[in-house]
Amino acid sequence: MFDLNSLNPPQQEAVLHDKGPLLILAGAGSGKTRVITHRIAYLVEERGVSPYSILAITFTNKAAKEMRERAERLLGSATSGMWVMTFHSMCVRILRRYAVHLGYTQDFTIYDTDDVKSQMRKIMKDLNINSKQFSPRVFISAISKAKNECISADEFAKTAYDYIDKQIARVYKEYQKRLQDNNAMDFDDLLLNTVILFDTVGEALNYYNDRFQYIMVDEYQDTNTAQFRLIKHLANHRNERGEYEHNLCVVGDDDQSIYKFRGADITNILSFENTFINAKVIKLEQNYRSTQKILDVANEVISHNYGRKDKKLWSAQDGGADVTFIQYGTDIEEATGVVREIQKKVDNGALYSDFAVLYRTNAQSRLFEERMIRMNMPYKLVGGVNFYQRREIKDILAYLKILVNPRDAAQIMRIANVPKRGIGDTTLDKLAEYADYTGCSLYEAMCSESGRASAPRAAKKIEEFVELIESFKEYKAENTIEELIGHIVAEIDYKDYIAAIDEDDDKTNDRMENISSLVDKAVDYEENAGADASLEDFLSEVSLVADIDMVDDDKDAVMLMTLHGAKGLEFPCVFICGMEENVFPSGMSQEPGEIEEERRLCYVGMTRAKKELTLTCAKQRMIHGMTTANNASRFIMKDVPRHMLHIAGHAHESFMHNYKSSLDPYKITRTSPYENPYTAYKKASASYSSASSAGDVPVRELTPAAPTGPGFEVGDMVNHPRYGAGKVTRIDKGSKDFEITVDFDGISRKMLASFAKLTKI
DNA sequence: CAAAAGTAGGTTTTT
DNA sequence: CCTACTTTTG
């Protein structure tokens, strides 16, 4: 049973919303999961909707699990039949059923980023693309971006005009062909192929449209184009009178959109009302998580972004502790100080699990880890080197994957010589060549007499390898996954193999322990899945786990993670560390749009805190082995009025000095006694950015910038004496000159208008 | 074909 | 700084 009275009026309205599209703009900590779960319970209990026709989509398995558990608690019954899962697992589920329509078998393999990377390296080699000139990264991210936008290899080729795009088109096509040959999909394919499936196979779409009457999507602000199209397809159920109902309920917060780099398209949420006509919009603005003091600071920061949906979070918990800011001398002092601070509070009765240390990049975790180990402080590290990326895990998984999908050449390449059995790269190359020539798969080449003849010296070894794999297949048919893994590890003497690689026994033991964790996961899986357990299902589950999914909440330990990793979580006390220019915001983010995304990330981080929020930075920090000095982050120095922070620590004096001097760089003439200089700067330069109106920031008129333009506009084609033809992609007004960003064949360069000898073509 | 040594390049965030 | 790839040597 559930109680509507426990909800506030807008929450109730959202839960009780009848039919048709619904957008819930849910600010941080406003109880969105509560609303979704109550809505599910309401639909099932009060409106007689079958759980079978409800689909709830999240981004992480952890969120999905939590949502299902909470819905079940409200309903007091199991919600079997209801789909509560991530985009990716949903797509896998759909594709396993219909893969044949797309030229895959249902046993297709899922490639993770490492698989993709090695595949890409191979392709570049084969296509004679200089890896010095282009890093595989360039191609990988370009292809990923295209897939996220539902652009196929052929479509990409049609609009590829410059050299680099043509290269990408060529690589994209080859890459896709190889994945298809290997019966494999990468993460982006899971989404894109499902979209293609729904575009082309009416039978598949009809099946799911008949089934899903109510659809909920969590974290809607982070959806990309492929996900958007997927949702659009799925939300086409017709009622018994044949009318579309679009019972689509999306929940999100544009201020928490932090995955643009991964293709998330913020316009999905900003224009929801245009896409789904007659959509109802409900705002949840009461925050139940944080104190007002924390929200004040967070609101102040986010208010510096443009083009937001208008809303303002407020809390019923008035007051609270001041938000603290500490500038340390060095990154080491920062780590020591933070760890000490946590220990002090634990000594005074807090739990370790009350604390989270958040940072911009994973690399920053190291110092905290070191300090915590030394201080004997229990911690949980989220992210970093993923469990499933470890060599020993990937090796064992490769063996398993081959058993399910023998066409997957990448896995065979990986372990054909693991452990060493005399099948080296040259042998594999010859086999691959034979396979390519005859049009069979690598494994088939290994199985055939004539295939082995292409590498006569190793023929015997190859035959033995094939026999080994076949014996595993037989073993698999009769035994559990748990037993299978043990069997493989024993048969190939894996321990001896890694012991020979590792410097010391500790490392080898570590690795063996990791393998037994993998076995544990297999046991878990088999217990959960019961009679439905299958190796391919286990493998896809394993491929789709996120770092955050692996965290067990029971252990009393401090959490260490990136700001991204913290989304959707909350902690009584939060430390955001490394709040320095070039660290946070990242030095990689330069353009206004990118800075805004960093600012949203800052907002997300701050709003994780329930009771206490501490922001720290260091004057000096070691980055890539070099000592660097950075100013405190603009998110503190320029976004938050001084009086809202409690400034602590020994660096107080020098900080105050910096605080003042940091106001100068932009040399903006103030029009009022005090105006946040960064805001003023942005207003002055607003005419040069495409940003829309200023949301809830009160706009005061400033003297417009000097009318003299740079002589070019964005989009113009220009000629440069050295770099040749290029396209103007950006124009920024500097203090006395215009900075022009020009794209020359994919390489973008910044230059000052008065110095660069640019001519318009 | 395997192991060791050397070197170059890249390090934002991740399902 | 660290890893992952390349080159060299056995």
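Labels below follow one simple rule: chain letters A, B, ... track the order of the sequence lines, proteins then strands, and each chain is numbered from 1.
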request  = Measure from the side-chain heavy atoms of A:R366 and tell me the nearest of C:dC1, B:dT14, B:dA3.
outcome  = C:dC1
request  = Take atom CZ of A:R121 and atom C1' of B:dG10, then tell me their distance rounded to the nearest Å.
outcome  = 12 Å
query = With a non-hydrogen cut-off below 4.0 angstrom, is A:G422 in contact with a base, only sugar-phosphate, or nothing?
reply = sugar-phosphate
key: Under-4.0 Å side-chain N/O to phosphate OP1/OP2 contact, A:S586 with B:dT13   = no
task = Considering just the side-chain nitrogens and oxygens of A:K420, establish if one lies under 4.0 Å of OP1 or OP2 belonging to B:dA3.
result = yes
Parallel, tilted or perpendicular, as decided by the 30° and 60° cut-offs, for the rings of A:Y259 and A:H564 = tilted
note = Rounded to whole Å, CG of A:N362 lies from C1' of B:dT14 at a distance of 10 Å
ask   = Atom NE2 of A:H564 and atom C1' of B:dT13: how far apart are they, to the nearest Å?
value = 4 Å
task = Keeping to residues at least two apart or across chains, list the ring pair (Phe, Tyr, Trp, His ring centres under 6.0 Å) pairs with something in residues 576-595 of chain A.
result = A:F584-A:F635
ask   = With stacking defined as ring centroids separated by under 5.5 Å and planes differing by under 30°, is A:F261 stacked against B:dT13?
value = yes
query = B:dT15 phosphate, OP1 or OP2: any side-chain N/O from A:N61 under 4.0 angstrom?
reply = no
message = On DNA chain B, compare the nucleotides closest to A:R457 and A:T60; which residue's is nearer the 5' end?
response = A:R457
inquiry  = Rounded to whole Å, please give me the gap between CG in A:D218 and P in B:dT15.
reply    = 15 Å
note = The ring pair (Phe, Tyr, Trp, His ring centres under 6.0 Å) partners of A:F139 (sequence neighbours excluded) come to A:F134
inquiry  = Could you report the tightest heavy-atom contact between A:R511 and A:E392, atom names first, then the distance?
reply    = NH1-OE1, 2.9 Å
query = Without hydrogens or angle criteria, can the side chains of A:D395 and A:Y497 be said to hold a donor-acceptor pair below 3.5 Å?
reply = no
Rounded distance in Å - CD (A:E597) to P (B:dT14) = 12 Å
inquiry  = Rounded at 0.5 Å granularity, tell me how far CD1 in A:I396 sits from CG in A:L518.
reply    = 8.0 Å
query = Which one, B:dT13, B:dA2, B:dT15, comes nearest to the side chain of A:R262?
reply = B:dT15
ask   = Looking at A:K567, A:R262, A:K260, A:R600, which one forms a salt bridge (charged side-chain N to carboxylate O under 4.0 Å, His left out) with A:D222?
value = A:K567
task = Using the salt bridge (charged side-chain N to carboxylate O under 4.0 Å, His left out) rule, take A:R366 and A:E369 through it: C-alpha gap first, then chi angles, then the decisive distance, then the call.
result = CA-CA 5 Å; A:R366 230 189 66 217; A:E369 272 195 277; over 6 Å; no
So which protein nitrogen or oxygen atoms get under 3.5 Å of nucleotides 8-10 of chain C's nitrogens or oxygens?
none

Whole-Å distance separating the CD atom of A:E594 from the P atom of B:dT13 = 15 Å
task = Remember a base hit wins even if backbone is also touched, and classify A:T427 as base, sugar-phosphate or nothing at under 4.0 Å, heavy atoms.
result = sugar-phosphate
remark   = Checking B:dA2, B:dT13, B:dT15 against the side chain of A:N417 (C-beta onward), the nearest is B:dA2
B:dG9 phosphate, OP1 or OP2, under 4.0 Å from A:R137 side-chain N/O = no
Partners passing salt bridge (charged side-chain N to carboxylate O under 4.0 Å, His left out) against A:K430 (at least two apart in sequence or in another chain) = none
message = I need the CD1-C1' distance between A:I140 and B:dT14, as an integer number of Å.
response = 14 Å
message = Only Watson-Crick and G-U wobble pairs, only distances under 3.5 Å, only runs of 3 or more: what stems does that leave for DNA chain B?
response = B:1-10 with C:1-10
request  = Provide, to the nearest angstrom, the distance between the CD1 atom belonging to A:I110 and the C1' atom belonging to B:dT14.
outcome  = 15 Å
note = Hits for ring pair (Phe, Tyr, Trp, His ring centres under 6.0 Å) against A:F538, two or more places apart or cross-chain, chain-then-number order -> A:Y525
